[in-house]
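To start, the structure itself, in structure tokens.
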Amino acid sequence: MQEKPTGAEIRQEFIDFFVEHGHTFVPSSSLVPGGDSTLLFTNAGMVQFKDVFLGTDQRPYSRAVNAQKCLRVSGKHNDLDQVGRDNTHHTFFEMLGNWSFGDYYKKEAITWAWQLLTEVWNLPKDRLWATYFKDELDEIPEDRQAAEIWLDQPGFDPDHLLPFGRKENFWEMADTGPCGPDTEIHFDRGPEYCDKSDDPDHVCHVNGDCERFLEIWNNVFIQYNRLSESELVALEKTHVDTGMGFERIVSILQDTPSNYKTDLFIPLIKRVQELTGHSDEEREDNLTPYRVIADHARATAFLIADGVVPGNIGRNYICRMLVRRAARFGMKLDLHEPFMAKVAQVVIDDYGDFYSELKRNKKAILESLTREEEQFQKTVRAGLEQLDELLSEIKEKGDKVLDGGDAFELYATHGLPLEITQDIAEEQGLKVDANGFSKAMEAHRLASGAGQEFGEMGAEDVEIYTKLTRELQDSGKLDQTGVTYTPYQAIKDPVEILSLIKNGEPTGFAEPDDTVEVLLPKTWFYVESGGQVSDTGQIVSANGKDWIIRVTGMRKPAAGVIVHVGKVVKGTPTVGDLALAQVDEDRRTQIMRNHTATHLLHTALHKVLGEHARQAGSLVAPDRLRFDFNHPEPMTREEILAVEAEVNHAILANYPLHIEEKPLQSAIDEGAMALFGEKYEAEVRTISIGDEERLSYELCGGTHVDETGDIGLFLITYEGSIASGVRRIEAVTGWRAYQLARERMNILDEINHFLGTAPVETVQKIKNLEDSRHAAEKEIEKLRTQLVTSAFDEQLDDTEDIEGIPVLKAILPDADMDVLREMADKFRQKYDTGVALLASQQDEKPILIAVVTEDLINRGLHAGRLVQQVAGIVGGGGGGRPTLAQAGGKDASKLSEALDQVAVYIRENLK
Ligand SMILES: [Zn+2]
Ligand SMILES: [Zn+2]
């Protein structure tokens, strides 16, 4: 091997090699998978191409090459606790891949792989091995084709070709769907890399269990569609999907024993060493913390760049957990001040040229990391102490597992993520009940009203639409690329109805009240995307009167297929009829106002709150807009008003909008804002607002007004929280904003009319009214007490004689417990010996108070027991001291019956 190439060079050589062979370079998609709610993070290069293989998406290229950002924190491919403890596991990693979508196949794929490895990268041919598929169950044909192609490669050792079965060499996307055999390329690092050499039974081999043979590249040949467990059908078009772990190939080409010793990690580890002031020897003695910090700094910098900030659930939880886990490992190195930003700075410097999102979001990355570490440090000490106590208790009891609910409590009160608790438990030879933790977290999440975290992905009947479009394409009625979609340009000419679909089946015609899907050769109805809702409208016969279909929604059931979903309201639309597709244009105009306002709002939030306030979701509807963004705390009223004013300033300045199509990479390089969770094509549409000074610049496929003045007026109607660290704003524009303002002004007018005030005096007048109401209430309270008191004064002499004791029973309407207590005192003042039972109703429920004078306690009477016995009658309970006790009940109608119990009680208990 010659001079060592850098990681950046290796990545670029891979891309250049395939670009030279006719591939289009496709930038990495976000770590947040676009349009795939089943996946927490992008975990392989194929995620952004999945829909192409499934047939629901098509691309302008048939050969692609990419370097994809991936994250795996748990699951079958990774366990977090291995990260940092060995040479090869990472949370964040890059995956290199070359792709053929119905283009080249096994011959080119294998030949190019061999050329790149042996001619460009000069890996010794005698160190390379290949595997191919041979079914151990003998049900799927052996991949002889791949085997033959391998044997044809110049200098390939035929003894280095090995067959393997389904586990190693047959790839499936899911239980059903595209699948096929694969061929893996392995590299023999030499016997000195074997870590099992002291085991006398060990033999090094490909797919073995030691570190000598490393799988470096997997080429998957997608040639089947799996319909069921036993049924495979050949695909019409075959594809190639390859994956090469970037960190691994760099470690081979740089000849380092560990991925962490490559130039992908060394600068990060050096930065940590600068912070600790360790010698190289001390660093080597503490390898795990160094590796964990380097790994997690990469992962969190890339996550935050993609909009995933630390938070409480889902993806945000993972980001929080990684920052905190790194911080905890930092404590082992005596790093007690926030340090992650300093390490992430190296990530930004080293990776930012290729992944420009790191540079663009530098401020957000550094600030979020430091803020999260500071927050963690506030509670971590108490959390760690409590965990220590819990673990000691467990050990004392001879248990091995920490309860999941306890682990969740540590997270909820002290911010200790499960993964850190697990790390610490493991260091002491104990385990944590992770299922119990998840259950407790789920229960907490539901209780706090956070709702379902990820939705189910709807299954589409792709096949029926694919077949339909192919037939229409073959007959020349439909363009080869599918339905022509021009949402930005109205279509006013009649077009032919190509197909009507009813209950999932094509039909010749439809009748009134039928729900149908209408396929036209072209449409300008907008199909929901980027938060903007679909257009509605109608499709009518060319003469406008034979039949009418009311369109209520739009759908994209398969690649190139767009259908109008609607209901027949008149006549019998028939396939072949000429039709006019009429978008509901007033509604569309409202939507456009709201969409442009959303971009202005985004800019205003950046200006008022800071760069971290990035979009986390949006809804653009005709009647309102909704905008979710990252921000750690509620906005103040001043901030809300400042944001609203910013947007209205921009509206009144009447800035023009510039809409341009350009390659994704150049838009991003120019600083256009891309939204995480969105999927972008190679050619993107950009919307910029403003002239000399660009106010806003975003990638966006939505429909917009021509000039900001068209928005009219912008009013914020709501600001609130939707998840930890994520806020939501709702707002209205245009006519709806006018209506809202008018409604509010009408209410104010009515109030002023009623109060007889001018608007400037309204608030003071209402304050005055409130004050006098308070005063009046107090006065009423006082009078009521006086009334009760004077009524009671008359009753006070009305005692009965029971067993020689004066007993007072009284029902005092309108008295609350305080008044009853005052009356009880009056009784005690007047009688040295005696018993009183006073009752009233409050909120329709009876309340009672009992008094027994001091001298009668020795004679067996007790106010608490008395009141308890009495309250039993009215369906309640109570208690208190021997001299004074109170009770409440449920049934006021039994009050007088209850009072009669006094005599019973006294006769039974008096000594
Ligand atoms: Zn070995
Ligand atoms: Zn937009």
Side-chain angles (χ1 to χ4, degrees), residues 30 34-35 86-88 127 129 162 186-215 257 307 487-488 526-535 588-606 613-622 624-629 647 650-651 655 657-662 664 667-668 671-681 684-690 694-708 710-711 714 729 731 733:
S30 166
D86 68 11
N87 291 324
T88 54
R127 295 284 192 94
W129 293 65
L162 305 169
H186 294 251
F187 184 72
D188 179 0
R189 305 208 82 180
E192 66 274 23
Y193 276 88
C194 178
D195 55 341
K196 294 268 161 71
S197 49
D198 0 327
D199 179 352
D201 296 332
H202 172 77
V203 182
C204 301
H205 63 87
V206 167
N207 285 329
D209 57 354
C210 74
E211 293 194 357
R212 175 170 166 185
F213 287 94
L214 287 185
E215 182 203 326
Y488 319 117
Y526 188 82
V527 185
E528 177 172 352
S529 84
Q532 181 176 334
V533 300
S534 291
D535 278 333
R588 163 76 82 90
T589 304
Q590 281 290 352
I591 290 172
M592 298 197 314
R593 289 189 180 118
N594 282 336
H595 200 145
T596 307
T598 303
H599 288 211
L600 293 176
L601 172 59
H602 198 181
T603 301
L605 286 168
H606 276 201
R614 285 187 299 157
Q615 179 162 357
S618 75
L619 171 75
V620 180
R624 77 205 148 106
L625 65 93
R626 197 173 75 197
F627 191 81
D628 301 338
F629 56 100
V647 174
I651 290 171
Y655 293 114
L657 272 78
H658 302 285
I659 299 176
E660 245 186 288
E661 300 226 341
K662 58 182 67 168
L664 175 61
I668 286 179
M673 241 186 299
L675 304 180
F676 83 92
E678 281 296 323
K679 209 158 87 177
Y680 293 107
E681 311 269 321
V684 291
R685 191 161 171 270
T686 62
I687 315 282
S688 68
I689 305 178
R694 191 143 62 187
L695 203 64
S696 150
Y697 190 27
E698 293 198 21
L699 305 188
C700 175
T703 58
H704 287 270
V705 299
D706 297 328
E707 289 161 332
T708 55
D710 298 342
I711 297 169
F714 170 87
I729 278 183
T733 66

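Whatever order the structure lists ligands and atoms in, that order sets their numbers, starting from 1. The residues of the chain are indexed from 1 along the displayed sequence.
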- request: Might you work through the side chain to side chain contact (heavy atoms under 4.5 Å, CB included) test for E211 and N87, ending with a clear yes or no?
  value: CA-CA 10 Å; E211 293 194 357; N87 291 324; 3.9 Å; yes
H595 atom NE2 and C700 atom SG as seen from the Zn ion (ligand 2), angle to 10 degrees: 90°
- prompt: Given V533, which of L619, V527, V620 fulfils the side chain to side chain contact (heavy atoms under 4.5 Å, CB included) condition?
  reply: L619
- request: Please work out which of the three classes, parallel, tilted or perpendicular, describes the rings of H704 and H595, given edges at 30° and 60°.
  value: tilted
query: Which angle, to 10 degrees, forms at the Zn ion (ligand 1) with SG of C194 on one side and NE2 of H202 on the other?
result: 100°
- line: With rounding to 10 degrees, C204 SG, the Zn ion (ligand 1) and C210 SG define an angle of 120°
message: Any N/O/S atom from H704 (main chain or side chain) under 2.8 Å of the Zn ion (ligand 2)?
response: no
- prompt: Can you find a side-chain donor-acceptor pair between H658 and S688 that sits under 3.5 Å?
  reply: no
